[in-house]
Amino acid sequence: MNKYSVFSLVRNAMSYHENWQKAWRSPDPKKEYDVVIVGGGAHGLATAYYLAKECGITNVAILEKGWLGGGNTGRNTTIVRSNYLWDESSAIYEHAMKLWENLSQDLNYNVMFSQRGLLHLAHNVHDMQEIGRRGHAIHLNGIDSEFLTPEQVKEIEPTINLDCRYPVLGALLQRRGGSARHDAVAWGYARAADDMGVDIIQNCEVTGFDIQDGVVKGVETSRGHIGAKKVGVVTAGHSSVMANMAGFRMPLESFPLQAMVSEPLKPVINTVIMSGAVHVYLSQSDKGELVVGAGSDNFVSYSQRGSFDMMDHIVGPLKELFPFTSRLRMMRQWGGIVDVTVDRSPIITKTPVENMFFNCGWGTGGFKATPGSGNVFAHSIANGELHPIAAPFTMNRFNTGALIDEGAAAAVAH
Amino acid sequence: MSQSNRIKTGGRIDRNKPVSFTFDGKTFQGFEGDTLASALLANNVHLMGRSFKYHRPRGVLSAGSEEPNAIVTIGSGKRSDPNTRATVVEMFDGLEASSQNCWPSLNFDIGGINNKLSRFFPAGFYYKTFMWPKSMWMKYEEIIRASAGMGVAPEEGDPDTYAVKHEYCDVLIAGGGPAGLSAALTAGRTGARVILIDEQNEFGGSLLSDHGAEIDGKPAMDWVDAALAELKEMEEVTILNRTAVIGYFDHNFITAMEKITDHLGPQDSNDTPRQRFWKIRAKQVVLASGSFERPMLFGDNDRPGVMLASAVRTYINRYGVLPGKDMVVFTNNDSAYKTALDAFANGGRVEIVDTRVDPKGPLVEQARSLDITIHTNAAIVGTKGYRRLKGVEVMELNEAGDGVKGTKFHIGCDVVAMSSGWNPAVNLFSQARGKLRYDEELTSFVPDHCQWDNYSVGSCNGTFTLEGALSEGLEAGLKAAQAAGFGEGQSVPATPSAPEVEHGDMRTLWYIPMDRPLARGKKHFHEFQNDSTVADIHLAAREGYISVEHLKRYTTTGMGTDQGKTSNVNAIAIMAQIRGVSIPQVGTTTFRPPFVPVTFGAIAGHDVEDLFLQARKTPMHSAHDRNGAIYEDVGDWKRPYYFPKAGEDMHAAVQRECKAVRDSVGIMDGSTLGKLDIQGKDASRLLNLLYTNAWSKLAPGKCRYGLMCNEHGMVFDDGVTTCIGENHYHMTTTTGGAGRVANWIEEWIQTEYPDWDVYATSVTEQWAVSILNGPKSRKVLEKLVDIDLSAEAFPFMAMKECHIAGVPARIYRISFTGELSYEINVPARYGLHVWDALLEAGEEFDICQYGTETMHVLRAEKGFIIAGQDTDGSVTPMDLDMDWIVSKKKGDFLGRRSFTRTDTARTDRKQLVGVLTEDPNVVLMEGAHLVRELKDKPPMDMLGHVTSSYMSPNCGRSIAMALIRDGKNLKGQSFMVPTMSGKAHKVTITDPIFFDKENKRIDGEPS
Ligand SMILES: Cc1cc2nc3c(=O)[nH]c(=O)nc-3n(C[C@H](O)[C@H](O)[C@H](O)COP(=O)(O)OP(=O)(O)OC[C@H]3O[C@@H](n4cnc5c(N)ncnc54)[C@H](O)[C@@H]3O)c2cc1C
């Protein structure tokens, strides 16, 4: 791998950028791999990367039915934070956060991880109680969190309308929160994994599993049978479809989740802002677009786009909270299919099929977990036992009732 | 000289209405009917903007909504509209425009240094650098952010208003050129409800610029006028100009944005909305949205003065502007010859550079006959001029078209009119998830099939002759109307004659070669706004970003405000060439809504300010206003929070209210509680399903408290339900949970038990509820009712129907405070009357109005929970120590199966307990946590959190409730509660009932 740096950039400029290497190869699939990862989203790519880097398993293939990073990874609004309520959640998201903090250097690919701060606004007494509880919990878990007064919010975001419908009563700030460039995360992991020998095979759809006596032996794909000693499935919105192929059910529902961007502007929004009561969240990309999102559609679907009414529902709040946006224009709207669990927490699990592992259920908020998720999943696959941070997220919790209910308790997605 | 490029006569501008406008502070003249772009071109101003990345000077490329370059800010202050395409801004007197993304000025832009350094900034350069030292990234990012972005956001406080309109129609026609108008005619004639939409100020589409086009032997615009006249007579036809169809969603749901006053400039009054957002459900859709011309990808093809040939023709014919005196037409097809001929006819000096070896046909012959020089088999290999085009360099092409030969020669010129062929505007079709097909002959993507009922006609269907467009339109209009149930038996009228001169073949060269290798000194832009070049596509391919989605994201092509309208196919074609595959093998990216950027304000429409999430107010609201209430937002309701007396802060008011209730009597407005009227033979069956306790034996006139759990056995709402009569119940829910419970019930009775005979109707707003609380409540109520209120006659948990202050009422004897309490429900319209009557009757007992905060304190004194505050979706009834409410005997109910799950059945779960601080004056912060062991700094092992915490005047100290791991077993033990500031409070875990543990007060003072 030729190293990226300002020097390599200058050197290559001299040769008109004609000597850059491929960021990853396009190999044909081998007959068999030690581990096959299904799904070339950022979580799948990160899994392969950590398998190679930390677990010494390099005979790994990632099978992606389309183009790597083309699923939710390349469609999300890139909010990164670790200020989750429950201990189990804080553990995995903070694990991810720590990896984020060195990721560009680690991958030698600038993922533009920007810790510009993330604000959760509180608009009523209930919100205040919620951030009060979560703020304390996060703090006691050793993660940064600060309560802000409305005036402090205004200082950070001068364009906000504090006196909106449901006036801003306070906010929870995580300074280490922010965003990252989604495509770069996928590409950076892909390049680094490829460099360690991982085969990234795009346009290769998994159509079935080769399961013998309850043990997985390989996968059937649009490019033929590929043997596998172990299989890790990381297919987000299509995970229940994959589970179905393997003969068991995964407690997921798949919904379209939408987002949109405005035309690019000079910097005007400084942090990532989330408002549950007014129901909108936004940030400004480095390119200058306001990136705006909200809830998922009210119906299940596999169509990677949403209806108009969800967009409609967030524009009112956007204008209410940030009146300057009234004359701006929406430039693009799109959707992804998110895999939602009843407790809004992910599933990292062994399955009824031996040597088959699933990592899914990240729903509306898994981008931020990417490095952590890939990391603990890699260790889980390598050891055949769930990594301690992953263990609470087993699918078995839906039988025991040990839910990690971020949805009901914190009611904050993304 | 003023308007030096204005042609003496002609065009569709109104020469009797001169206007003056400013651009970057300088005043210019133009005419009504101009766009900002045409007026600037008339004044020989080409430099209108700077590009995004390299800050290169840019002029106007197009004459329509596909414009990537001429992006300006219109207006200023609160009415500034950044990122506006100069090509779609209609001129009005006093228009104020300014350039953006440049400093200190458009002419001299420091950012232009990026262009000098551009070799270090290829596609994706930022992924490869800015990583060292790590700590510097946030600084680098700040610089990147400041130099990125385009316009500056307007000041807050948009003075304009916006409207939203919902419509239904049989046939919606997007595009009002010859194809769309034809479709409107045949559809309209059937009597079907038709909506015809075009984004321009005038109908006619391409005909507006097509000087010399004829239909039935007359000027084509005569036909347009006649068609419009006929359509205007049709009652069921709605004609919308200045309206862009922007979204095409499932089931023919169409969104469109109409500009109502933009072309008039700022309005004094905002009675008329500035823009209107349309949401239209159409049975059938006809897409007649035309096509976009493709730019030629030659070296430095972005100089101000390099324009699309069709745009040049539009400026000449429609706006009476010859964009330059010396023009080079650079083409691979015949259509640009029309531009050459029109320019020539208007006094331009014209030369043609044609990639074709031997162009033939009537248009070519005509040019030759006028002695217009045609350089065949030739290509522009470079340009001269920076802020304005000064000339082009031309060379002969080799046979394959991938290289040049011979000697380079120079042609001085100030305009290049280029055409590399046409792309049907398939954007809306593709948004509708229509599949595209690549047409080899047209070298472009055309519509193939779509699951929704639509027809593509005219050039958006790849039909580029006028007669073809007319005929397709006429046929599709009728077919669509017939499919919608109109015009049975009608047949398609004959197509008017519109002879078209024959066009020769194209010679499409996606990349125009130059006399040196790619990327040496000159840039071939395929995407102008984001400065994405052919070399960038090569780089992307070289590095493996070969899928069309990777290409788009890596090079940012198609990500500008034009969303790739002019760049898309060129980029795909170049990638296909590099990869050695066919263009359809590379494929297109998905077209996303909106077709053109749409104003947020327009989408929000009327739902702003007071109409945004409208506040719900109870029938007694005016009394609360009068009595000085401070409000709390609960759900969408405004609820009195507390009623301060002069000089009181919240704390003082709440302490006073709390005491007054227990000492004498208080009154609160309970109207916001969710209320459902449940009727039907299976009503009690429904209650048994929803609640954990048993309901079959509840007698009429009796009330019962219930907890609702979700399937996981977790409490999610609670309330009192009363049996009104046989098969008839009145259910109450929490204020915030009302909607959720109603949905929950519907979900079960609609999806799981549709055969049950039971109906739940929300009656929250039908009843006004005044709640009396306190030992003297009976005394107050007695004065106003006609029934016996003694504890024997009207016991706790009973309901009586009676009259109060002359109006019918249902009075429930239930209590959320442990005091004697009456919840007086009257029809909403009597709410205020009864409230005032109660206040008056209570005067002698010093009746105290109180709000939600006092209610919270009083119920906490008694250890009553608030669902959603003391529960959080992870709490079972057992966790609340309410095992008694979970029936062991009745059959199945929601949540039951989960109680046996191993984790749910654990006995050391988080449980509701009381918490008392060592210092009785300390009120813990809600949300604070008890830790097993206090440490110097986090992390610390958390036992659980404080859910409710108040200063209780009736207990004379602070009280709190908390959800604590294994809490029941920890009663009596002490722990610490650390605060964020580093301090900590010592607390003891107790029983959660702090006041009147024996429940002695429930019957109040006897009367
Ligand atoms: C609009 C939107 C906004 C969001 N905002 C945020 C946010 O702000 N912050 C945040 O943290 N998260 C956010 N998310 C969620 C986040 O995007 C996802 O949780 C995360 O990206 C999931 O990553 P992944 O790699 O698991 O999934 P994906 O990126 O979806 O990858 C799954 C891959 O599996 C492939 N696949 C599926 N089936 C097969 C098969 N049979 N064979 C082979 N390959 C297959 C798919 O093609 C896909 O590439 C958002 C999501 C959306 C849609």
Side-chain angles (χ1 to χ4, degrees), chain A residues 4 6 9-10 13 16-17 20 22-24 67 70 104-105 109-110 114 124-125 129 132-133 136-137 139-142 159 165-166 183-184 263-268 286-288 307-308 312 315-316 318-320 323-334 400-403 405 408-409, chain B residues 81 83 119-120 122 125-131 134 141 144-145 148-150 152-154 156-158 249 255 519 539 542-544 547 549-550 553 561 592-593 597-601 603-604 607-608 612-613 633 872-874 898 901-904 925-929 938-940 942 945 980:
Chain A
Y4 291 161
V6 68
L9 200 60
V10 170
Y16 304 96
H17 301 287
W20 289 109
K22 285 230 179 311
W24 50 82
W67 300 94
S104 293
Q105 288 70 27
Y109 203 104
N110 190 348
S114 167
N124 54 39
V125 175
Q129 289 164 340
R133 175 186 181 189
H136 279 104
H139 171 71
L140 291 172
N141 271 320
T159 56
R165 174 79 172 102
Y166 310 124
D183 292 327
E263 295 177 325
L265 297 164
K266 291 294 173 193
V268 53
D286 283 349
K287 197 157 176 272
S307 57
F308 184 74
D312 213 1
V315 173
L318 177 67
K319 179 169 170 175
E320 180 70 11
F324 80 86
T325 59
S326 176
R327 297 180 84 88
L328 302 180
R329 303 187 197 94
M330 159 161 71
M331 183 169 84
R332 190 170 59 247
Q333 153 191 10
W334 68 89
T400 64
L403 304 183
D405 206 332
Chain B
D81 296 317
N83 302 333
R119 105 184 320 201
F120 304 109
F125 74 97
Y126 30 79
Y127 300 129
K128 295 179 175 139
T129 181
F130 301 127
M131 289 182 272
K134 189 181 121 186
E141 190 190 35
I144 292 173
R145 277 167 74 86
M150 292 168 59
V152 173
E156 140 177 2
D158 186 354
F249 298 87
T255 56
L539 177 62
R542 189 173 299 130
E543 298 193 271
S547 102
E549 282 292 345
H550 288 172
R553 289 147 184 269
T561 57
R592 299 280 180 196
V598 49
T599 317
F600 286 126
I603 300 176
D607 298 339
V608 295
F612 172 68
L613 292 179
D633 287 306
D872 64 0
S874 71
S898 298
R901 301 202 288 196
T902 51
D903 189 80
T904 318
M925 183 170 164
E926 284 166 357
H929 284 65
M940 290 178 238
M942 290 172 263
H945 77 289
M980 296 276 270

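Values in this document were obtained by computation on a predicted structure and should not be read as measured data. Just so it is clear, the values below take in all heavy atoms, side chains as well, and ignore hydrogens, waters and symmetry mates. Convention: sequence-line order gives letters A, B, ...; per-chain numbering from 1.
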At a 4.5 Å cut-off on heavy atoms, which part of [X] comes close to chain A: side chain, backbone, both, or neither?
X        : result
B:Leu613 : both
B:Met942 : side chain
B:Glu926 : both
B:Thr255 : side chain
B:His945 : side chain
B:Met131 : both

With only heavy atoms counted, which part of [X] is less than 4.5 Å from chain B, the side chain, the backbone, both or neither?
X        : result
A:Val6   : both
A:Ser307 : backbone
A:Lys287 : both
A:Glu320 : side chain
A:Leu318 : side chain
A:Asp286 : both
A:Thr159 : backbone

For each of [options], tally heavy-atom pairs with chain A at distances under 4.5 Å, and name the one with the top tally.
options                                : result
B:Ser898, B:Gly544, B:Gly157           : B:Gly544
B:Arg542, B:Met150, B:Glu156           : B:Arg542
B:Ala153, B:Pro597, B:Ala148           : B:Pro597
B:Thr129, B:Thr902, B:Ile144, B:Asp158 : B:Asp158
B:Asp607, B:Val608, B:Asp81            : B:Asp81

Query - Residue pair A:Leu140 / B:Pro938: nearest heavy atoms and the distance that separates them - result: O-CB, 3.6 Å
Query raised in the report: Any idea which heavy atoms bring B:Asn83 and A:Pro264 closest together, and the distance?
Result: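 Answer, listing the atom of B:Asn83 first, then A:Pro264: ND2-O, 2.8 Å.
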Does any part of the side chain of [Y], heavy atoms only, come nearer than 4.5 Å to the side chain of [X], both counted from C-beta?
X        : Y        : result
A:Phe308 : B:Ile603 : yes
B:Met980 : B:Met925 : no
A:Val10  : B:Phe120 : yes
A:Tyr16  : B:Leu539 : no
B:Pro593 : A:Met330 : no

Report task. Measure the spacing between CE of B:Met940 and NE2 of A:His136 and express it to the nearest 0.5 Å. Result -> 10.5 Å
**Report entry** From NE2 (B:His929) to NE2 (A:His139), nearest 0.5 Å
**Finding:**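 Going from NE2 on B:His929 over to NE2 on A:His139, the span is 11.0 Å.
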Heavy-atom pairs under 4.5 Å with chain B are the metric here; pick the option from [options] that has the most.
options                               : answer
A:Trp24, A:Trp334, A:Tyr109, A:Phe324 : A:Tyr109
A:Gly142, A:Gly288, A:Ser326          : A:Ser326
A:Lys22, A:Gln129, A:Arg327           : A:Arg327
A:Gly401, A:Gly316, A:Gly132          : A:Gly401
A:Val125, A:Val268, A:Asn124          : A:Val125

**Report entry** Whether B:Ser547 side chain and B:Glu549 backbone form a donor-acceptor pair below 3.5 Å
**Finding:** yes
Query raised in the report: Hey, does the side chain of A:His17 reach the backbone of B:Arg119 with a donor-acceptor pair shorter than 3.5 angstrom?
Result: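 At least one qualifying donor-acceptor pair exists.
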Report task. Tell me, please, which residues at least two apart from A:Ala402 pass side-chain contact (heavy atoms from CB on, under 4.5 Å). Result -> A:Arg397, A:Thr400, B:Asp903
Query - Residue list, ring-ring contact (aromatic ring centres under 6.0 Å, His included) with B:Phe130, at least two apart or on another chain - result: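 ring-ring contact (aromatic ring centres under 6.0 Å, His included) list for B:Phe130, sorted by chain: B:Tyr140.
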Query raised in the report: Can we say B:Asp633 and A:Arg165 salt-bridge, meaning some charged N sits less than 4.0 Å from an Asp/Glu carboxylate O?
Result: yes
